[in-house]
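See below for the structure under consideration.
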Amino acid sequence: MARKYWLMKCELEACSFEELKHDRPNSTGKWRGVRNYQARNFIRDEIKEGDWVLFYQSNCDTPGVPGLAQIVREGYPDPSAFDEKNHYYDPKSSPEKVQWYSVDVKWKRKFKNYVSLREMKGTPELADMRVVQRFQRLSIQPVTREHFEIVCSMGGIKVKA
DNA sequence: GCCAACGTTGGC
DNA sequence: GCCAACGTTGGC
């Protein structure tokens, strides 16, 4: 199975790229609380171990991609949905009838240059990338290999894909 | 803090 | 099953 590429949004407040590297065990973050069906389907069905992730920081002064992560654990039931005290609790989900899924991502590589959304919007080759479309809210987006490589080169690194 | 878009909910 | 109301996302 060919390796795939994704863009995953994370609110800066929830976990920055630096926090992922330094503050999480083994530099690995557990992606919890996705409550959108399209994003859920990607997590459950399509995202595979070894896939590359453009780690995207949203809801901050300069939204953009600081670097790369990689999928280290494929879709598994999101435990936050089962926990009544959790903000993401969903009574419609249970271990018997799982609604929502998690993946784990590991910090991989920081770009030499931060690639801001603004720069991506200004790059004609990225015009059909989802993240640059107006009002594109989907928090997990498939990325083509071509777009992935362009973003990496904007970030000043070369990735052997 | 504003506000457009869009997903979800719930009354009918 | 329609659709209005409401909530959330997220750039600006």
Side-chain angles (χ1 to χ4, degrees), chain A residues 4-21 23-24 29-47 51-71 74-105 107-108 110-144 146-156:
Chain A
K4 293 193 289 295
Y5 307 91
W6 305 92
L7 178 144
M8 294 175 67
K9 294 184 188 175
C10 190
E11 295 190 18
L12 189 58
E13 206 181 73
C15 180
S16 72
F17 195 56
E18 288 306 305
E19 274 173 69
L20 179 64
K21 181 179 185 187
D23 302 347
R24 303 290 155 128
K30 298 168 191 300
W31 222 270
R32 299 275 156 85
V34 171
R35 297 291 179 268
N36 168 284
Y37 288 103
Q38 252 187 293
R40 189 278 311 268
N41 293 346
F42 287 137
I43 294 179
R44 190 189 56 189
D45 306 331
E46 302 214 29
I47 296 181
D51 285 357
W52 283 105
V53 175
L54 297 171
F55 187 99
Y56 179 91
Q57 286 176 174
S58 65
N59 256 318
C60 54
D61 288 348
T62 312
V65 180
L68 301 177
Q70 210 164 22
I71 302 295
E74 301 178 5
Y76 61 96
D78 182 345
S80 70
F82 308 142
D83 175 4
E84 276 183 59
K85 288 187 281 296
N86 194 287
H87 175 67
Y88 295 109
Y89 174 63
D90 182 354
K92 294 194 296 300
S93 192
S94 66
E96 294 73 37
K97 199 158 180 280
V98 177
Q99 283 275 349
W100 304 114
Y101 289 79
S102 290
V103 285
D104 292 355
V105 307
W107 187 97
K108 272 294 162 185
K110 186 179 174 167
F111 285 164
K112 288 205 183 81
N113 332 105
Y114 184 80
V115 179
S116 68
L117 176 63
R118 176 197 275 258
E119 283 171 79
M120 290 195 272
K121 285 186 167 175
T123 303
E125 293 83 359
L126 299 179
D128 352 311
M129 201 175 168
R130 294 185 81 145
V131 73
V132 306
Q133 315 293 322
R134 264 187 107 215
F135 308 116
Q136 178 55 68
R137 300 187 309 171
L138 190 59
S139 64
I140 296 178
Q141 307 176 1
V143 172
T144 65
E146 189 193 7
H147 289 160
F148 177 81
E149 286 175 354
I150 293 169
V151 174
C152 288
S153 71
M154 289 166 75

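Here is how names work: the chains are called A, B, and so on, in the same order as the sequence lines, proteins then strands, and each is numbered from 1. Note that the structure is predicted; figures quoted are calculated from it, not measured.
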Is there a side-chain contact between A:F111 and A:L54 (heavy atoms, below 4.5 Å)? yes

Residue list, side-chain contact (heavy atoms from CB on, under 4.5 Å) with [X], at least two apart or on another chain:
X: A:R40; value: A:Y37, A:R44, A:Q99, A:W100, A:Y101
X: A:R118; value: A:S116
X: A:L12; value: A:S16, A:Q57, A:C60
X: A:Q141; value: A:L7, A:K9, A:R130, A:V131, A:Q136, A:L138

Taking atom P of B:dA4 as reference, at what distance in whole Å does atom CZ of A:R134 sit?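 In whole Å, B:dA4 P lies 9 Å from A:R134 CZ.
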
If a protein heavy atom is under 4.0 Å from the base, mark B; if only from the sugar-phosphate, S; if neither, -; do that for nucleotides 7-12 of chain C going 5' to 3'. BBBBSS

Checking A:R32 now: which residues fulfil side-chain hydrogen bond (donor to acceptor under 3.5 Å, both in side chains) with it, not counting sequence neighbours? A:Y76, A:S102

Can you list everything that forms a side-chain hydrogen bond (donor to acceptor under 3.5 Å, both in side chains) with A:T123? Sequence neighbours excluded, please. none

Salt bridge (Lys or Arg N to Asp or Glu O under 4.0 Å) partners of residues 80-102 of chain A, not counting sequence neighbours, each pair once: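 Passing the test, one end in residues 80-102 of chain A: A:D90-A:K92.
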
Residues touching DNA chain C, which here means a heavy atom under 4.0 Å, drawn from residues 75-99 of chain A: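 Heavy-atom contacts with DNA chain C come from no residue of residues 75-99 of chain A; none.
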
